[in-house]
Amino acid sequence: MDLTIRPRRLRTCDTLRRMVRETRVSPDSLIYPLFLIEGENIREPIPSLDGQWRYSPDRVCEEIEECMAAGVKRVLLFGIPAHKDACGSSAWDPYGVVQQGIRAIKEKYPDCYVITDVCMCEYTDHGHCGILHDHEVDNDETLRLLAKIALSHAQAGADKVAPSDMMDGRIAAIRNALDENGFKNVPIMSYSAKYASAFYGPFRDAAGSAPAFGDRRGYQMDPHNRREAMKECTLDVEEGADILMVKPALSYLDIIRECSDAFDLPMAAYSVSGEYAMIKAAGKAGLIDEHRVMCESALSIFRAGADILITYYAKELAQAMKQGELG
Ligand code: PBG
């Protein structure tokens, strides 16, 4: 056969294939989400997230040690408080569960880069991401409290804050509060295009943050929409976000691609609890090779344009990257 162009030529051996790889990944791009629960001496498995644990602040360093050893030096903290109320007041308590966790980690592992999720749903007794007025989340009233939460995280030593509430104007509100209080260099990673997704199910069990009534469609994005993601990202850029995020990841690869092409900021993607739980369950059932599907899924997110990946598989992926299985 007289073929001039043979794409298979570049696939003839592993050494060559590795040389022509278009997507390069590194453990430096990974962030590991971590659940902190109020109390002492707790390390309990999370039933909805096989392989994940909740830690009390006094034991969280056991997990950080594992992360650091695996080459994962960036964590994203979520808090599960003992006390919930209508306005989520334990979220900005200087001795709250996240604030204690930050201090514990930073004291023992100053090189661990600590990011905090800024939201109210784990702290409110109704489970919504803000303050309610007649069963509606009051946007502008909530902004003040989000700024307070972010500031308390920075004061406890957080390196970066990540608001996930989807209120309008939260980036500007948080930026102002940080700047006015001497935290000009604490970056904001915004959950910019966060969709109202069924893939958050296992997380809500893990964090006890399911809404007591209704759903989050009044503030999180409609999965039908693409242009609206651009609008959300544009606003976040204007308000001073340092990193943008698309969430979930696997069902929103088109959005990741489009946003990473359109904006100059680093782009993060959150491969959420439901994505992890599906791969785990299918692997356990013997239907797929969990390890290979984990690698291929992560790769697809980077190939779509993500620079940063938040994933419950961070430690396993870092290991796989070090061994050259993806790289
Ligand atoms: C808080 C928050 C959620 C997730 C991250 N931050 C839950 C939600 O919006 O209901 C989901 C993460 C995951 O599913 O892994 N608002």
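We count residues from 1, following the sequence as given. Both counts, for ligands and for their atoms, begin at 1 and track the order of listing. Side chains are part of it too, since the values below use all heavy atoms of this structure and drop only hydrogens, waters and symmetry mates.
Proximity of Y270 to ligand 1, defined as any heavy-atom pair under 4.0 Å, is confined to the side chain (atoms from C-beta onward). At a heavy-atom cutoff of 4.0 Å, ligand 1 is contacted by no atom of D165, backbone or side chain.
Relative ring orientation between H135 and F213 is described as parallel, the plane-to-plane angle staying below 30° on a 0-90° scale split at 30° and 60°.
Annotation: atom 2 (C) of ligand 1 to nearest protein heavy atom, K194 NZ, 3.4 Å. Among all protein heavy atoms, the one lying closest to atom 14 (O) of ligand 1 is S273 OG, 2.7 Å. Protein heavy atom at the shortest distance from atom 11 (C) of ligand 1 is K247 NZ, 3.0 Å. Regarding atom 15 (O) of ligand 1, its nearest protein heavy-atom neighbour is Y312 OH, 2.5 Å. Ranking the protein heavy atoms by distance from atom 12 (C) of ligand 1 puts F203 CD1, 3.4 Å first.
Within 6.0 Å of the CZ atom in R24, the count of heavy atoms belonging to other residues, nucleotides or ligands exceeds 12.
Ion pairing between K284 and D50 holds under the 4.0 Å rule for side-chain N and carboxylate O.
A 4.5 Å side-chain heavy-atom check between P94 and Q99 finds every atom pair outside the cut-off.
A centroid separation of less than 6.0 Å is found between the aromatic rings of Y313 and Y276. Within the 6.0 Å centre-distance limit, the rings of Y252 and Y195 are counted as a close aromatic pair.
Those atoms of ligand 1 with a heavy atom of F78 less than 4.0 angstrom away are 5 (C), 6 (N).
With hydrophobic clusters built from ILVMFWY side chains whose heavy atoms lie under 4.5 angstrom apart, F203 shares a cluster with V246.
No N or O atom of E122 sits closer than 3.5 Å to an N or O atom of ligand 1. Inclusion of S209 in the set of residues having an N or O under 3.5 Å from an N or O of ligand 1 is not warranted.
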